[in-house]
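Working notes for the structure below.
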Amino acid sequence: MGGGQLSSAPLPRSFFDRPSHEVAPDLLGRVLVHGGVDGIVAVRLTEVEAYGGPGEDPAAHTYRGRTPRNAVMFGPPGHLYVYFTYGMHFCANLVCLPDGFGSAVLLRAGEVVEGLAAARARRSSSNGKPIADRDLARGPARLAVALGLTREHNGLDAILEGSPLGRPRQSATMLEGVPADPSLIRSGPRTGISTAKEVPWRFWIDGDPTVSPYRAHVPRRRNTAATSVGEAPRS
DNA sequence: AAGTAGATACACT
DNA sequence: GTGTATCTACTTA
């Protein structure tokens, strides 16, 4: 099956020239297309999170200013900020506000609407069990895998004329798609962060099966040679 | 359905 | 050295 046609136009760069918490809900229902060497995959966004700028959002990578890792977030809007975390995962963001600011929207989950075969292949599990289609891009690291986004795509411009369908290598385009019904948009606290827990900058489409389950931050206790004197390990 | 452990590498203090 | 914008597998219901 060739699936559907991706007929919508690219979003203009001006779409991202706003604070990330205004861009974020407007991104729901939009489509990100990425062409990799092993196929082209498009994802319709169903869940996102906004992260603010230096000094204003303790949960943002830019909170303490510019570093080599977060440099892309301080660049022009509409580019991909892809970072590596937990020793094994990549997560993708779209940069907001003009050059010099430092904010972005984390792409947390979506529905694969094109390139189902390529997405399945990239997400094929180690135990050989097939992955449900709704789980292909359900979670930020899974979404990055499904789209084929890794470290090398950090800084890639997602505002391009035309879709990457004719340019299957190394190009991404953020399409207009069909904006989510405003009455279905929900917001709440962001997932997995240890600071600014109360800021309701996570946005999702209510009832969509591809939205990831909310998980609060869990401080990971290091293995400090649990042979502590006298004290039994508490659970 | 819900909880938790373990994996893993890197940025930043 | 410490903490992490996570995921999978495995456990107990």
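Chain letters run A, B, ... following the sequence lines, proteins first, then strands; residues in each count from 1. All values reported here derive from a predicted model rather than from experimental measurement. Quick note: numbers below take in every heavy atom, side chains included, and nothing from hydrogens, waters or symmetry partners.
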Among residues 66-82 of chain A, which residues get a heavy atom nearer than 4.0 Å to DNA chain B?
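A/Thr67, A/Pro68, A/Arg69, in order of number.
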List in numerical order all residues of residues 18-27 of chain A for which some heavy atom is under 4.0 Å away from an atom belonging to DNA chain B.
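Here the set is empty: none.
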With a 4.0 Å cutoff (strictly under), does any side-chain N or O of [X] reach OP1 or OP2 of [N]?
| X | N | value |
| --- | --- | --- |
| A/Arg215 | B/dA2 | no |
| A/Arg108 | C/dC7 | no |
| A/Arg138 | C/dC7 | no |

Using the test side-chain contact (heavy atoms from CB on, under 4.5 Å), find all partners of A/Pro179 that sit at least two apart in sequence or belong to another chain.
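side-chain contact (heavy atoms from CB on, under 4.5 Å) check on A/Pro179 returns A/Arg30.
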Residue among A/Ile205, A/Asp206, A/Leu28 satisfying side chain to side chain contact (heavy atoms under 4.5 Å, CB included) with A/Arg186
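When A/Ile205, A/Asp206, A/Leu28 are each tested with A/Arg186, the side chain to side chain contact (heavy atoms under 4.5 Å, CB included) holds only for A/Asp206.
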Nearest heavy-atom neighbours spanning A/Val211 and A/Thr46:
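Scanning both residues, the minimum pair turns out to be CG2-O, 3.7 Å.
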Please report the closest heavy-atom contact between A/Asp57 and A/Gly52, naming both atoms and the distance.
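Scanning both residues, the minimum pair turns out to be OD2-N, 2.8 Å.
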Check for me, please, whether A/Val105 and A/Val33 land in the same ILVMFWY cluster - side-chain distances under 4.5 Å, paths through other members count.
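Not linked; separate clusters.
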[X] side chain to [Y] backbone, donor-acceptor under 3.5 Å:
| X | Y | answer |
| --- | --- | --- |
| A/Arg123 | A/Leu136 | yes |
| A/Thr85 | A/Cys91 | no |
| A/Asp38 | A/Ala118 | no |

First of A/His89 and A/Arg151 reached from the 5' end of DNA chain B, by closest nucleotide:
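Of the two residues, A/His89 wins.
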Please give me every residue in residues 192-214 of chain A whose heavy atoms get under 4.0 Å of an atom in DNA chain C, ordered by residue number.
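Close to the strand are A/Gly192, A/Ile193, A/Ser194.
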Residue-level proximity of residues 90-98 of chain A to DNA chain C when a heavy atom falls under 4.0 Å:
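Heavy-atom cutoff 4.0 Å gives A/Asn93.
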With a non-hydrogen cut-off below 4.0 angstrom, is A/Ala59 in contact with a base, only sugar-phosphate, or nothing?
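Since a base atom lies under 4.0 Å of A/Ala59, the category is base.
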Establish, for the pair A/Arg190 and A/Tyr214, whether the NZ or CZ atom is under 6.0 angstrom from the six-membered ring centre and no further than 45 degrees off its axis.
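A/Arg190 over A/Tyr214 ring: no.
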Any pair with a residue in residues 20-29 of chain A that passes side chain to side chain donor-acceptor pair (under 3.5 Å), sequence neighbours left out, goes on the list, sorted by first then second residue, please.
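Of all non-adjacent pairs touching residues 20-29 of chain A, those that pass side chain to side chain donor-acceptor pair (under 3.5 Å) are A/Arg18-A/Asp26.
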Apply side-chain hydrogen bond (donor to acceptor under 3.5 Å, both in side chains) to A/Arg66 and list each qualifying residue two or more places apart in sequence or on a separate chain.
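Expected list: none.
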For A/Arg44, check side-chain hydrogen bond (donor to acceptor under 3.5 Å, both in side chains) against everything at least two apart and list the hits.
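Scan of A/Arg44 (side-chain hydrogen bond (donor to acceptor under 3.5 Å, both in side chains), adjacent residues dropped) gives A/Glu111, A/Asp208.
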Spacing of [X] atom [atom1] relative to [N] atom [atom2], expressed in whole Å:
| X | N | atom1 | atom2 | value |
| --- | --- | --- | --- | --- |
| A/Leu106 | C/dT6 | CG | P | 7 Å |
| A/Leu107 | C/dA5 | CG | C1' | 12 Å |
| A/Met88 | B/dT8 | CE | C1' | 4 Å |
| A/Leu136 | C/dT8 | CG | C1' | 16 Å |
| A/Arg190 | C/dA5 | CZ | P | 11 Å |
| A/Arg64 | C/dG3 | CZ | P | 12 Å |

For residues 74-82 of chain A, tabulate all N or O donor-acceptor pairs below 3.5 Å that involve a side-chain atom, not counting sequence neighbours.
from, atom 1, to, atom 2, distance (Å)
A/His79, ND1, A/Gly155, O, 2.8
A/Tyr81, OH, A/His61, ND1, 2.8

Not counting sequence neighbours, which residues clear ring-ring contact (aromatic ring centres under 6.0 Å, His included) with A/Phe90? List them please.
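Per chain and number, A/Phe90 pairs via ring-ring contact (aromatic ring centres under 6.0 Å, His included) with A/Phe84.
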Could you tell me which residues satisfy ring-ring contact (aromatic ring centres under 6.0 Å, His included) with A/His89, sequence neighbours excluded, listed by chain and number?
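Partners of A/His89 by the ring-ring contact (aromatic ring centres under 6.0 Å, His included) criterion come out as none, since no residue qualifies.
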Starting from Watson-Crick (N1-N3 plus N6-O4 or O6-N4) and G-U wobble pairs under 3.5 Å, report the runs of at least three that DNA chain B belongs to.
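Expected stems, ordered by start: B:1-7 with C:6-12, B:9-12 with C:1-4.
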Hey, does A/Glu49 have a side-chain heavy atom less than 4.5 Å from the side chain of A/Pro140?
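The answer is no; the side chains never approach within 4.5 Å.
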Which listed nucleotide (C/dT8, B/dA9, C/dT6) is nearest to the side chain of A/Tyr86?
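Of the options given, the side chain of A/Tyr86 lies nearest C/dT6.
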For the side chain of A/Tyr83 and the base of C/dA5, is some donor closer than 3.5 Å to an acceptor across the two?
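Donor-acceptor pair under 3.5 Å: yes.
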Under the 3.5 Å rule, do the base of C/dA5 and the side chain of A/His61 count as making a donor-acceptor pair?
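Side chain to base: pair found, below 3.5 Å.
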Starting at CG of A/Leu160, measure out to CG of A/Leu175 and round the result to the nearest 0.5 Å.
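Result: 10.0 Å between the selected atoms.
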